[in-house]
Amino acid sequence: MKSLYIKFFVITIGIMFISSIFAFLISNTYYQQKLKPYNDHKITRFAESIAAFADEHPTINLNDYLDNISSVGYQIYLVDGRGDESFFGAPFRDKGLSVSTQEHVLNGNIYHGILQFPHKTFVTGFFANELKNTIGVPLTHDGKKYALFIRPDLKLLFNEMHLLFGWMLALTIILSIVMVIFSTKYLVKPISKLTKATKSLSKGEFNVNLDITRHDELGELSQNFLNMARKLEQMDEMRKEFISNISHDIQSPLSNIKGYTNLMGKESIKQEERVHYVSIINGEIRRLSTLTKQLLLLASLDRNDDILKKKAFNVGQQIHELVKNYQWRINEKGIMLSHSLPDTEIIGDPSLLNTVWDNLLANAIKYNKPDGSIDISIEEKGESIFVTIEDTGIGLTNSEIDRIFDRFYRADTARTRTIEGTGLGLSIVWTIVNLHGGHVHVNSKGKEGTAFTIELPIK
Ligand code: ADP
């Protein structure tokens, strides 16, 4: 956490530093390309107007006149043909100027020292207080020839502004640093909170709390983290419940088997009692066998998505076969079964889908009323088929419907207690139908019965 904080701080200050260098280079280039010629031109015109005024007014005192001009912010150098020179305004830092340049101007030419001032990367020519960095114009006053060199006195022009800008710059830098320190803290804080939460999650404490209410990426991250923690908690609960359910479902038939084998070991029991106990023991073994088969199937369905061995087959025929196999149980319960099973071909895993119809039909028989009825139908609509298995059984409430696909869930134990079952059948149905990209619809009219409709894509 500390290192992230420092990194962020150093990077931000680094960016500020680098960008100020870039800003300087860019503005310097701008000065060299655009401002320098403009400046040169402007000062040249000013110098020419001074020369023209001096020429037109031979009676004025030239020194006073130039003194006045320098006082409003110019540095001036005046030289005549005999080498008599005078300076007005602030002194030049570097007074070097070749004699040939002076003669050049005295001969009536203009000297563009500002435009010709050499390019230097880190020195803006504008600020160089040198005699070379001036504009030179010829000046005639009272019949005498001079060369006048002039440049703006930046110190005088910028003196007060200078201080203001200096303070502004210093304040900007100090304020930026202080703000970077605080904003970095603000940015990094949720990360350290998340780290803490991750640690407690890895210790198995799912009930983490994160008071991060931000609406940015970090807020989203912590919201997702909380969702993940809740999901993990739910999964952990489910795992615990699953294990306790399995243990119970294995333990109770085993203890029944143990009890009845003990009874059978007694010499005094009668033959018909023995037959009865054997049938109970067989029933318990059947229950255990069904349970392990269903668990194995669910485990393999959970493990891989490409478990489906799809091919084209006739669902109508498949359900027809199944109904035939169940005929004796249907008759035994006195149930009326009607069906409309047209030949319908779909692409799917025949063996797994057979398990779906098997579970639904077995439930429709198990949870039916005596002398009830079952209706099975297949309907094709668009790209899907709808297989409906409707019974006149005990029905389901809405809250039960919400849970029947949960593993080990058995609705209303008082009613179902007498009916054999594991609570895994419908979760298997749901998983298989989902793997096929289909849906399970449940429709129950209270105590009138239930209709399960399986919607499956044809292809
Ligand atoms: P079980 O092995 O208990 O039948 P299932 O997963 O197949 O497990 O069904 C879960 C529960 O849903 C059952 O215990 C039962 O309470 C309810 N149920 C399933 N099918 C029907 C039905 N056709 N009519 C009424 N209740 C049903």
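The model shown is predicted, which means the values in this text are computed figures rather than measured ones. Side-chain atoms are counted along with the backbone in the values below, which use heavy atoms only and exclude waters and symmetry mates. Numbers here are sequence positions counted from 1. Whatever order the structure lists ligands and atoms in, that order sets their numbers, starting from 1.
For Thr344 (side chain) and Pro342 (main-chain N/O), a donor-acceptor pair under 3.5 Å exists by modelled atom type. In this structure a side-chain-to-backbone donor-acceptor pair under 3.5 Å is present from Thr392 to Ser373. Remark: side-chain polar atoms of Thr134 are not paired, donor with acceptor, to backbone N or O of Glu130 under 3.5 angstrom. Remark: the backbone N or O of Asp349 is paired with a side-chain donor or acceptor of His436 at under 3.5 angstrom.
Here's the thing with Ser427: none of its N/O atoms is less than 3.5 angstrom from an N/O atom of ligand 1. Remark: ligand 1 and Gly421 share no N or O pair separated by less than 3.5 Å (distance only, no angle test). Between Asn363 and ligand 1, a contact under 3.5 Å exists for at least one N or O pair. Residue Ala411 has at least one nitrogen or oxygen atom sitting less than 3.5 Å from a nitrogen or oxygen atom of ligand 1, judged on distance alone.
In summary, the atoms of ligand 1 found under 4.0 Å from a heavy atom of Gly423, numbered by their order in the structure, are 1 (P), 2 (O), 3 (O), 6 (O), 8 (O). For ligand 1, the atoms lying closer than 4.0 Å to a non-hydrogen atom of Tyr409 are 10 (C), 11 (C). Numbered from 1 in the order shown, with element, the atoms of ligand 1 that lie under 4.0 Å from a heavy atom of Lys366 read 1 (P), 2 (O), 4 (O).
Remark: distances from the non-hydrogen atoms of Leu424 to ligand 1 include one below 4.0 Å. Between Gly395 and ligand 1 there is a heavy-atom distance shorter than 4.0 Å. The shortest heavy-atom distance from Glu420 to ligand 1 is not under 4.0 Å. Residue-ligand proximity: Phe405 is placed with every non-hydrogen atom at 4.0 Å or more from ligand 1.
For the pair Arg45 and Asp40, the salt-bridge criterion is not met [side-chain N within less than 4.0 Å of a carboxylate O]. Between Lys199 and Glu205 no salt bridge is recorded (no basic side-chain N to carboxylate O distance below 4.0 Å).
Between Tyr260 and Tyr277, the angle of the ring planes lies from 30° to 60°, which puts this pair in the tilted group.
Because its NZ or CZ atom is not both nearer than 6.0 Å to the ring centre of Phe117 and within 45° of the ring axis, Lys36 does not count as a cation-pi partner of that residue.
Between the choices Ile401, Leu396, Thr450, Leu291, the shortest heavy-atom distance to atom 17 (C) of ligand 1 belongs to Leu396.
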